[in-house]
Protein chains: 2
Amino acid sequence: MSAPEAQRSAPLRALRPSAKVLPEHARGHNRSLVLQNLYSGGLQSRADLARETGLTRVTISDLVSELIADGLVVETGQREEGRPGKPAILLDINRGGYRIIGIDLSDTGVFRGAVLDIDGGIVTRMEAETDGAEGDEVAHLAVQLVRDLVAAADLPILGIGIGSPGIVDLGGRVLSAPNLGWSDLALQSMVETATGLPVIVANDANAAALAEHSFGGAVGDFMLIRVGRGVGAGLILGGTPVFGSRFAAGELGHVVVGTDGGDLCVCGKHGCLETWLSVPRLRAGLAAAPDAAARDEVLRRAGERLGIALAPVVGALNLDEVVISGPVELLDGPLTQAAIETFRARTMAEFHGDLTVRMSDLGQDIVMRGAAAMVLSGRLGVS
Amino acid sequence: MSAPEAQRSAPLRALRPSAKVLPEHARGHNRSLVLQNLYSGGLQSRADLARETGLTRVTISDLVSELIADGLVVETGQREEGRPGKPAILLDINRGGYRIIGIDLSDTGVFRGAVLDIDGGIVTRMEAETDGAEGDEVAHLAVQLVRDLVAAADLPILGIGIGSPGIVDLGGRVLSAPNLGWSDLALQSMVETATGLPVIVANDANAAALAEHSFGGAVGDFMLIRVGRGVGAGLILGGTPVFGSRFAAGELGHVVVGTDGGDLCVCGKHGCLETWLSVPRLRAGLAAAPDAAARDEVLRRAGERLGIALAPVVGALNLDEVVISGPVELLDGPLTQAAIETFRARTMAEFHGDLTVRMSDLGQDIVMRGAAAMVLSGRLGVS
DNA sequence: CATGTTTGTTAGTAAAGCGTACGAACAAAC
DNA sequence: GTTTGTTCGTACGCTTTACTAACAAACATG
């Protein structure tokens with residue numbers, strides 16, 4: 001396959017320019033700009049792209065011919081419009097030309113994977129039970145799942161994205177993932193050598209946030225709260241994921257919430273967010289509740305705690321949106337409602353009143369699709 | 001196949017390229033790169049710069065000659081070293097060639113301003129009592145202060161930086177500053193037309209954070225908490241200030257902290273961070289305390305609240321550092337100590353244990369110097 | 001003094017994007 | 001049917017940018 005060139009365009013930051021920028025980097029940026037317009041804007045002609053991007057028709061023609069030669073863009077026929085002038089030749093991303101592998105390692109007991117198309121649609125699913133395996137054993141299980149998916153793909157593969165639990169650095173090393181018994185595991189290079197394909201690994205909550213950004217309705221600055229066995233968060237500010245200085249951004253599960261104690265957590269503290277909000281705790285609370293009103297109260301209390309934890313974060317960051325991902329039957333309804341009310345009671349409407357808090361629509365596939373979004377972003381500069 | 005390239009490419013590059021990049025933009029970036037190296041690295045030769053930046057000696061020579069023509073860089077003589085080869089001609093930023101005007105509008109009853117040198121040192125101070133004036137009147141007072149400082153400058157002025165209280169948008173409009181009676185005031189363009197010089201306006205806490213970044217010891221991702229009449233914060237992630245979707249990032253003062261009530265705040269809620277931590281409240285609490293132990297307790301309680309508010313923010317962002325700015329006699333000591341202890345008790349050491357919390361060393365001039373840093377960053381790309 | 005090193009500059013080349021100009025293809029007006 | 005005006009995509013030449021290659025100047029060392 002004529003592999004698309006890796007994009008290495010440097011972000012032009014305002015502060016502390018730390019690396020030189022050459023014209024070819026600008027070229028890569030403009031390539032991504034064209035791809036982005038085609039990806040999100042659908043069918044467009046070269047002239048449309050020129051108007052949209054501000055580049056000249058000549059430059060667009062040059063870029064497009066390069067992208068067509070790389071197999072990333074295709075001509076899809078003429079525009080059917082009764083307009084005067086020469087009819088436009090419509091272009092589109094070669095949506096039927098590539099596949100992406102997306103992997104979700106965050107669930108308990110099972111690894112989930114899929115072959116996805118360029119639009120993040122799922123073509124083929126696969127799963128692998130982990131049966132409580134740990135360490136290298138379970139790592140090989142993950143690699144095998146990737147191998148199976150690669151073999152199942154019907155088209156050239158653009159890349160492999162993996163959402164892993166735990167702390168993941170920028171080079172795709174899982175520094176720490178207690179649930180899987182991993183510490184300092186070079187997952188990215190493992191999978192790369194096993195497949196010969198480009199691989200991107202990130203924390204599952206970060207991947208989920210990217211999914212919401214690319215395929216969900218998230219606009220602007222937002223945080224995605226992922227509620228499962230534990231509680232984690234992914235943050236996207238100005239279109240860019242936030243990883244944190246030690247790659248531990250979003251590790252909210254073991255932050256104590258409130259000043260009135262709380263249940264004992266596995267970490268030894270009392271009142272961690274997880275003790276209120278994790279799925280096992282919620283289910284246990286619901287099971288112990290005698291009637292519907294009591295069950296409602298369990299959910300409302302969890303929502304309150306979420307609202308309490310959100311208030312300082314939203315205050316510090318002035319977010320547009322908070323998206324919650326996890327079991328709908330638990331999270332959607334009283335819990336989310338209570339979170340919103342609590343948040344509103346604890347912040348100033350003038351500053352943060354327009355924050356929206358809602359459930360994600362992406363369901364269980366969110367991490368796999370986020371992993372695919374990582375590939376699209378990393379390889380094509382598209383989201 | 002270029003797949004291996006992707007391994008080294010940034011895992012998740014900047015998303016959504018939204019504007020074209022031309023070679024001239026890259027040129028500007030490289031100009032800033034040279035300036036940054038000279039600014040922070042001191043005297044260097046052209047060859048040194050070439051080695052440091054990765055650009056060739058030829059390109060560096062070209063950039064430097066342009067910068068010298070612009071008066072931004074000067075040759076300062078030959079290097080005195082017993083090395084073989086042609087002796088190097090040392091270069092430096094033209095530190096004695098320009099001044100910067102820095103303005104602090106955040107204090108109660110007085111506007112502070114200064115003429116500063118390129119290194120952020122204060123050359124001339126000026127103040128203007130506001131005498132409780134509001135709206136346009138006090139705006140003209142600010143403009144007059146700027147005019148006086150411009151007249152007092154002994155060298156060409158690189159630009160004017162202004163740290164204002166309230167919400168400031170990216171175009172230098174003060175959207176809301178209740179203390180000064182401002183709403184939607186186009187402060188930047190006002191001062192620009194009054195002086196004919198480049199002006200940058202930002203929120204005072206953001207300016208202070210930039211000061212700590214440029215002239216203080218802050219490294220990496222950090223938040224600056226500014227305690228005065230109210231409480232505000234400035235945030236710098238990856239070397240870039242965070243402004244928030246409605247330019248209200250850092251507005252932490254009216255976030256409720258804790259779940260055990262608290263004093264009534266001017267905003268109508270109970271237990272806002274300001275009710276514990278603002279300077280007036282702290283002073284009142286100290287005055288009402290019967291003895292030293294009670295005064296200590298007042299400070300410790302305020303510190304606890306700060307720690308409670310910090311925990312979720314640091315958890316979400318995985319910061320390196322939190323810097324506190326304000327009256328030393330109140331903040332340094334039991335208050336900061338209690339904040340650290342509370343924070344540690346509420347987060348997981350594994351993720352956030354290496355966070356440092358400390359007082360700023362920049363004292364009362366922090367906003368003025370931050371305003372100067374804004375000019376350096378905006379005009380030269382230097383910090 | 002010859003030799004090797006380092007510095008900074010000159011000359012020529014490749015890449016990227018721009019402006020201008022032009023042929024092709026179409027709709028609308030006559 | 002012809003003319004006119006519009007739009008699309010491309011060819012050509014120019015400017016900007018940074019690179020490679022080569023070289024003179026200035027110094028230390030043997």
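Naming convention: chains lettered A, B, ... in sequence-line order (proteins, then strands); numbering from 1 in each chain. What's counted below: heavy atoms across the whole structure, side chains too, no hydrogens, waters or symmetry copies.
- Counting only heavy atoms from C-beta outward, the side chains of I160(A) and V150(A) approach each other to under 4.5 Å.
- The line from CG of L67(A) to CG of L91(A) is 9.5 Å long, rounded to the nearest 0.5 Å.
- Using a 4.0 Å cut-off between charged nitrogen and carboxylate oxygen, R95(A) and D117(A) do not count as a salt-bridge pair.
- Residues F222(B) and I236(B) are in side-chain contact: their nearest non-hydrogen atoms beyond the backbone lie under 4.5 Å apart.
- Rounded to whole Å, atom P of dG9(D) lies 10 Å from atom CD1 of I68(A).
- The distance from the CG atom of N30(B) to the CG atom of L49(B) is 12.0 Å, given to the nearest 0.5 Å.
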Find every protein N or O atom lying less than 3.5 Å from an N or O atom of nucleotides 14-21 of chain D, and list the pairs.
{"unit_1": "dA18(D)", "atom_1": "OP1", "unit_2": "N30(B)", "atom_2": "ND2", "d": "2.7"}
{"unit_1": "dA18(D)", "atom_1": "OP2", "unit_2": "R27(B)", "atom_2": "NH1", "d": "2.3"}
{"unit_1": "dC19(D)", "atom_1": "OP2", "unit_2": "T56(B)", "atom_2": "N", "d": "3.3"}
{"unit_1": "dC19(D)", "atom_1": "OP2", "unit_2": "T56(B)", "atom_2": "OG1", "d": "3.1"}
{"unit_1": "dC19(D)", "atom_1": "OP2", "unit_2": "T59(B)", "atom_2": "OG1", "d": "2.6"}

For this session: Output, in order, the C-alpha distance, side-chain angles, deciding distance and verdict of side chain to side chain donor-acceptor pair (under 3.5 Å) for D48(B) and S45(B).
Result: CA-CA 5 Å; D48(B) 293 334; S45(B) 71; 3.1 Å; yes
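- Using a 4.5 Å heavy-atom threshold, the side chains of I118(A) and I93(A) count as touching.
- Residue E52(A) qualifies as open at atom CD: its count of foreign heavy atoms under 6.0 Å is 12 or below.
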Name the pairs: protein N/O against N/O of nucleotides 4-7 of chain C, kept only if under 3.5 Å.
{"unit_1": "dT5(C)", "atom_1": "O2", "unit_2": "G85(B)", "atom_2": "N", "d": "3.0"}
{"unit_1": "dT6(C)", "atom_1": "O2", "unit_2": "K86(B)", "atom_2": "N", "d": "2.6"}
{"unit_1": "dT7(C)", "atom_1": "OP1", "unit_2": "R51(B)", "atom_2": "NH2", "d": "3.2"}
{"unit_1": "dT7(C)", "atom_1": "OP2", "unit_2": "R51(B)", "atom_2": "NH1", "d": "3.1"}
{"unit_1": "dT7(C)", "atom_1": "O4'", "unit_2": "K86(B)", "atom_2": "O", "d": "3.3"}

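- Going from atom CG of L49(A) over to atom C1' of dT10(D) covers 16 Å, rounded to whole Å.
- Within the structure, every side-chain polar atom (N or O) of S61(B) is placed at least 4.0 Å from both OP1 and OP2 of dG8(C).
- In this structure, R31(A) atom CZ and dA15(C) atom C1' are separated by 15 Å, rounded to whole Å.
- In terms of heavy-atom proximity, M374(B) sits nearest to G161(B) at CE-CA, 4.4 Å.
- Distance check, rounded to the nearest 0.5 Å: CZ of R369(B) to CD1 of I122(B) gives 6.5 Å.
- Rounded to 10°, the angle separating the first-five-pair axis and the last-five-pair axis of the helix from dC1(C)-dG30(D) to dC30(C)-dG1(D) equals 10°.
- Taking the charged nitrogens against the carboxylate oxygens, R46(A) and E75(A) do have a contact shorter than 4.0 Å, which makes a salt bridge.
- Following rounding to the nearest Å, E75(A) (CD) and dG9(D) (C1') show an atom-to-atom distance of 10 Å.
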